[in-house]
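Side-chain atoms are counted along with the backbone in the values below, which use heavy atoms only and exclude waters and symmetry mates. Below, chain A is the first sequence line, B the second, and so on; all start at residue 1.
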There are 2 protein chains.
Amino acid sequence: MAARGAAHNTAQAHQTHNHRECIDDALKRAREICAGRGAQLTPLREKVLQIVWRSHKPVGAYDVLDELARSHKAARPPTVYRALDFLMSEGLIHKIESLNAYLGCVEAGAPHSGQFLICRQCGATEEIVDAKLETALDQAAKRAHFAGERKVVEISGLCARCAA
Amino acid sequence: MAARGAAHNTAQAHQTHNHRECIDDALKRAREICAGRGAQLTPLREKVLQIVWRSHKPVGAYDVLDELARSHKAARPPTVYRALDFLMSEGLIHKIESLNAYLGCVEAGAPHSGQFLICRQCGATEEIVDAKLETALDQAAKRAHFAGERKVVEISGLCARCAA
DNA sequence: ACCCCGCTGTTATGATGTAACATTGCCGAA
DNA sequence: TTCGGCAATGTTACATCATAACAGCGGGGT
Ligand SMILES: [Zn+2]
Ligand SMILES: [Zn+2]
Ligand SMILES: [Zn+2]
Ligand SMILES: [Zn+2]
């Protein structure tokens, strides 16, 4: 898959890859996951997922709304938020809390909070899956006698390309 | 100090401690820090800091506004946001991104992003300073060739008391 | 006296997110 | 087959969070 596995790096965000594959993979995977669970990935929800996957930059709910409205005149905020809530509950997208924006998940199907590297220059946001970091989070919570559930990890800075 | 050092734990949030000490310590420390830097901790800004320190639960900007307005009728949103921005720029408070709310910093003076344990039951939020977690964050960014700057770490779940 | 500059006041608006109720369409029970 | 339940979507209105833009004020230096 274009956005997963060993080849996964920040270069994706700079159009150095065939992003069409990212979108197609994400939609295909979403259909499989929802079908397997009996969750209803309706045309509306799929369209919203597609819009979120337009790039590797987090997209705001009202940007989704503007884009959705081009093909779906009746679109209103609740339409978008409901779709986003559904996609989050199925683990197909994440909310980036520090940006109030949404991003397609590159590990859909594997339940997880997300860990994100957000470039303040180009906006490209990479989801990483770092087992050591995950362990460190769990240990930190444990040391504080805290029963962690949802974990928000968002590191802002400069991606390799923008730093160069 | 009541909210720092070895005695620092989630019990603080449950009024099992003398919270007056937390407030007094925080204000005293803020005055020292600002005096040392030439930063102007004006009466308005100090009042806002005091309001944020009313509890160990993150407080919304409009809650601060309501409270501030009791003694300061002219208070408006920009007044509050300017004060909060100042306090954040001086490292005296943190913004909890996943709640859009603000919390007094327990390690003011030591530049750092923050690491937070947020109880979804009682709302009490503990700031931890976990060196191993900090290292894990740095390493994770490094492995991804990312130059991290600001780090948002917010773990939601149940504090020891609420889990019991 | 005058200017500069940082802080605060004031008005208005932008950006993000939700409550509450109406409507539609499907599917299974009676 | 008819009807009732239920999930998805439509629709209106509103709640919450945050900032732009300009005005007034006051201390400190020249
Ligand atoms: Zn891509
Ligand atoms: Zn993910
Ligand atoms: Zn306290
Ligand atoms: Zn802190």
Open item on the list: Using a 4.0 Å heavy-atom cut-off, does B/Tyr102 contact any base of the nucleic acid, only the sugar-phosphate backbone, or nothing at all?
Closed with: sugar-phosphate
Open item on the list: Is there a side-chain contact between B/Glu46 and B/Leu27 in this structure, where contact means two heavy atoms from C-beta onward sitting under 4.5 Å apart?
Closed with: yes
TODO: Please check if the side chain of B/Lys57 supplies one atom and the backbone of B/Leu103 the other of a donor-acceptor pair under 3.5 Å.
DONE: no
Open item on the list: Between A/Arg45 and A/Glu90, does any side-chain N to carboxylate O distance fall below 4.0 Å?
Closed with: no
- [ ] Nearest whole angstrom, please: distance from the P of D/dT16 to the CG of B/Asp66.
- [x] 10 Å
TODO: Report the residues that fulfil side chain to side chain donor-acceptor pair (under 3.5 Å) with B/Gln50, sequence neighbours left out, ordered by chain and then residue number.
DONE: none
- [ ] Sort and list the pairs that fulfil ring pair (Phe, Tyr, Trp, His ring centres under 6.0 Å) and have at least one residue in residues 64-105 of chain B, not counting sequence neighbours.
- [x] B/His94-B/His112, B/His94-B/Phe116
Open item on the list: Please report the distance, rounded to the nearest Å, between NZ in B/Lys95 and P in D/dC17.
Closed with: 10 Å
Task: Spacing of A/Asp85 atom CG relative to D/dA7 atom P, expressed in whole Å - done: 16 Å
Open item on the list: Can you build the contact string for nucleotides 22-27 of chain C? Use B for base contact, S for sugar-phosphate-only contact, and - for no protein heavy atom under 4.0 Å.
Closed with: ------
Task: Gap between atoms CE and P, on A/Met88 and C/dG17 respectively (whole Å) - done: 9 Å
- [ ] Could you tell me whether A/Glu97 and A/Arg150 have a side-chain N and a carboxylate O separated by less than 4.0 Å?
- [x] yes
- [ ] Just compare D/dA18, C/dG17, C/dG6 and give me whichever is closest to any side-chain atom of B/Gln40.
- [x] C/dG6
Task: Atom-pair distance (CG on A/Asp63; C1' on C/dG14), nearest Å - done: 13 Å
- [ ] Rounded off to whole Å, could you give me the CG-to-P distance for the A/Leu99 and C/dA15 pair?
- [x] 15 Å
- [ ] Kindly say whether, by distance alone, the side chain of A/Tyr62 makes a donor-acceptor pair under 3.5 Å with the base of C/dG14?
- [x] no
Task: Under-4.0 Å side-chain N/O to phosphate OP1/OP2 contact, A/Asn100 with D/dC17 - done: no
Task: Verify stack between A/Tyr81 ring and C/dT18 base, 5.5 Å, 30 degrees - done: no
- [ ] Please report, rounded to the nearest Å, how far the C1' atom of D/dG10 is from the CG atom of A/Leu65.
- [x] 13 Å
TODO: Mind calculating the distance between CG (A/Leu41) and P (D/dA7) to the nearest angstrom?
DONE: 18 Å
TODO: Only pairs at least two apart or in different chains count here, so list each salt bridge (charged side-chain N to carboxylate O under 4.0 Å, His left out) that has a residue in residues 66-76 of chain B.
DONE: B/Arg54-B/Glu67, B/Glu67-B/Arg70
Task: Interface residues of residues 68-79 of chain B with DNA chain D (non-hydrogen, below 4.0 angstrom) - done: B/Pro77, B/Pro78
TODO: List, by chain and then residue number, the residues other than A/Leu158 in its hydrophobic cluster (Ile/Leu/Val/Met/Phe/Trp/Tyr, side-chain heavy atoms under 4.5 Å); write none if there are no others.
DONE: none
TODO: Verify, without hydrogens or angle tests, whether B/Glu127 (side chain) and B/Glu107 (backbone) share a donor-acceptor contact under 3.5 angstrom.
DONE: no
